[in-house]
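Atoms considered below: every heavy atom in the structure, side chains included; atoms not considered: hydrogens, waters and symmetry mates. Because the structure is a prediction, the values reported are computed rather than measured. By convention in this document, chain letters (A, B, ...) are assigned in the order of the sequence lines, proteins followed by strands, and residues within each chain are numbered from 1.
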There are 2 protein chains.
Amino acid sequence: MTYTKVFGALADPTRRHIFEALRDEPKSVQQIAATQPVSRPAVSQHLKVLQQAHLVNVEAVGNRRLYSIKREGLEVLRSYLDNFWSDALGAYAAEITRQMNTN
Amino acid sequence: MTYTKVFGALADPTRRHIFEALRDEPKSVQQIAATQPVSRPAVSQHLKVLQQAHLVNVEAVGNRRLYSIKREGLEVLRSYLDNFWSDALGAYAAEITRQMNTN
DNA sequence: CTTTTGTGTAAGTCATTACTTACCGTAAGT
DNA sequence: ACTTACGGTAAGTAATGACTTACACAAAAG
């Protein structure tokens, strides 16, 4: 369920670009929308999805709302990768692991 | 573009389950379909998507087609995570890194 | 050779989604 | 107070997607 949210959030190119735009510094909705080819409400909707995936944080500052990267979402992703091979490590998984170390 | 394919492929729960079902050993379409709540053609279609995302391999063996995990897709994912912070590391990214090491 | 098994693909349907414009409330500037 | 700036939400639309059944074809079995 959480995986679905995170993968789904990053699956859309526009949404991924918005997410990446926040990497260097927190930004307001307008600041983000100015660099994106979609309307301002569209950006708001994307930010909502990113928020539900625990990929961004919001902080209301005066008139504006500053969005920033939140670690939690990406950590879910990393744990998926880390757990993929370790869970119930069978013969085939071991074989793959061997390939990973070899190549 | 590649990111879109991989994230999109793993965003669907059914497709993710199919992918995970291949972790322990290669399986035929029927073997997979037997454990999944969707029809056999649906599984075929999911496998096609996973293939295009470089997440699975196919090998025709006699009558059947054995699907197996392919490393490439997940490696794309891992590199996305790894490059996320390191690319154009700004002040804010450094701050996040500090948080990651602190918490 | 005929039948069965295994799988991909076509076509159609229903739900989801990414987008737009229009509208509303709230905070800041004059 | 009035106006402008900021941003969330509603409503509608066009595209995408996940699923089904029906069909086609190759390999295995009889």
Inset, instruction - Return yes if a side-chain donor-acceptor contact under 3.5 Å exists between Y80(A) and E75(A), otherwise no. - result: no

Inset, instruction - Return the value, rounded to whole Å, for the distance between atom CG of L47(A) and atom P of dT9(D). - result: 11 Å

Legend entry - Distance test, side-chain N/O of S39(A) to OP1/OP2 of dT20(C), below 4.0 Å: yes

Inset, instruction - Between dA18(D), dA18(C), dG8(D), spot the one nearest the side chain of R65(A), thanks. - result: dG8(D)

Legend entry - Backbone of F84(B) reached by a side-chain donor or acceptor of R23(A) within 3.5 Å: yes

Legend entry - Rounded interatomic separation in angstrom, taking CD from Q51(A) and P from dT9(D): 9 Å

Legend entry - Side chain of Q45(B) (C-beta onward), nearest among dA11(C), dG8(D), dA10(D): dA11(C)

Inset, instruction - Output yes when at least one side-chain N/O atom of Y67(B) is less than 4.0 Å from OP1 or OP2 of dG6(C), else no. - result: no

Inset, instruction - Between dC19(D), dT7(C), dT9(C), spot the one nearest the side chain of P41(B), thanks. - result: dT9(C)

Legend entry - Side-chain-base donor-acceptor pair under 3.5 Å for R40(B) and dG8(C): yes

Inset, instruction - Starting from P on dA18(C), measure out to NZ on K48(A) and report it in whole angstrom. - result: 13 Å

Legend entry - Nucleotide dT9(C), atom C1' - distance to CD of Q52(B) in whole Å: 13 Å

Legend entry - Of R64(A) and P37(B), the one whose closest DNA chain D nucleotide lies more 5': R64(A)

Legend entry - Rounded interatomic separation in angstrom, taking CD from Q30(B) and P from dA28(D): 15 Å

Inset, instruction - Nearest-nucleotide wise, let me know which of S44(B) and H46(A) is further upstream toward the 5' end of DNA chain C. - result: S44(B)

Inset, instruction - Figure out the NZ/C1' separation between K5(B) and dG17(D), and round it to whole Å. - result: 15 Å

Legend entry - Matching residue for R15(A) among L55(A), V38(A), L50(A) - test: side-chain contact (heavy atoms from CB on, under 4.5 Å): L50(A)

Legend entry - 5'-most by nearest nucleotide on DNA chain C - N63(A) or V49(A): V49(A)

Legend entry - Pi-cation contact, F7(B) with R16(A) (under 6.0 Å, within 45°): no

Inset, instruction - Rounded off to whole Å, could you give me the CD1-to-C1' distance for the I32(B) and dG8(C) pair? - result: 14 Å

Legend entry - Among L22(A), L66(A), I18(A), side-chain contact (heavy atoms from CB on, under 4.5 Å) partner for K27(A): L22(A)

Legend entry - Protein-nucleotide distance (Q31(A), atom CD; dA5(D), atom C1'), rounded to Å: 13 Å

Legend entry - Contact under 4.0 Å: T14(A) side-chain N or O vs dC19(C) OP1/OP2: yes

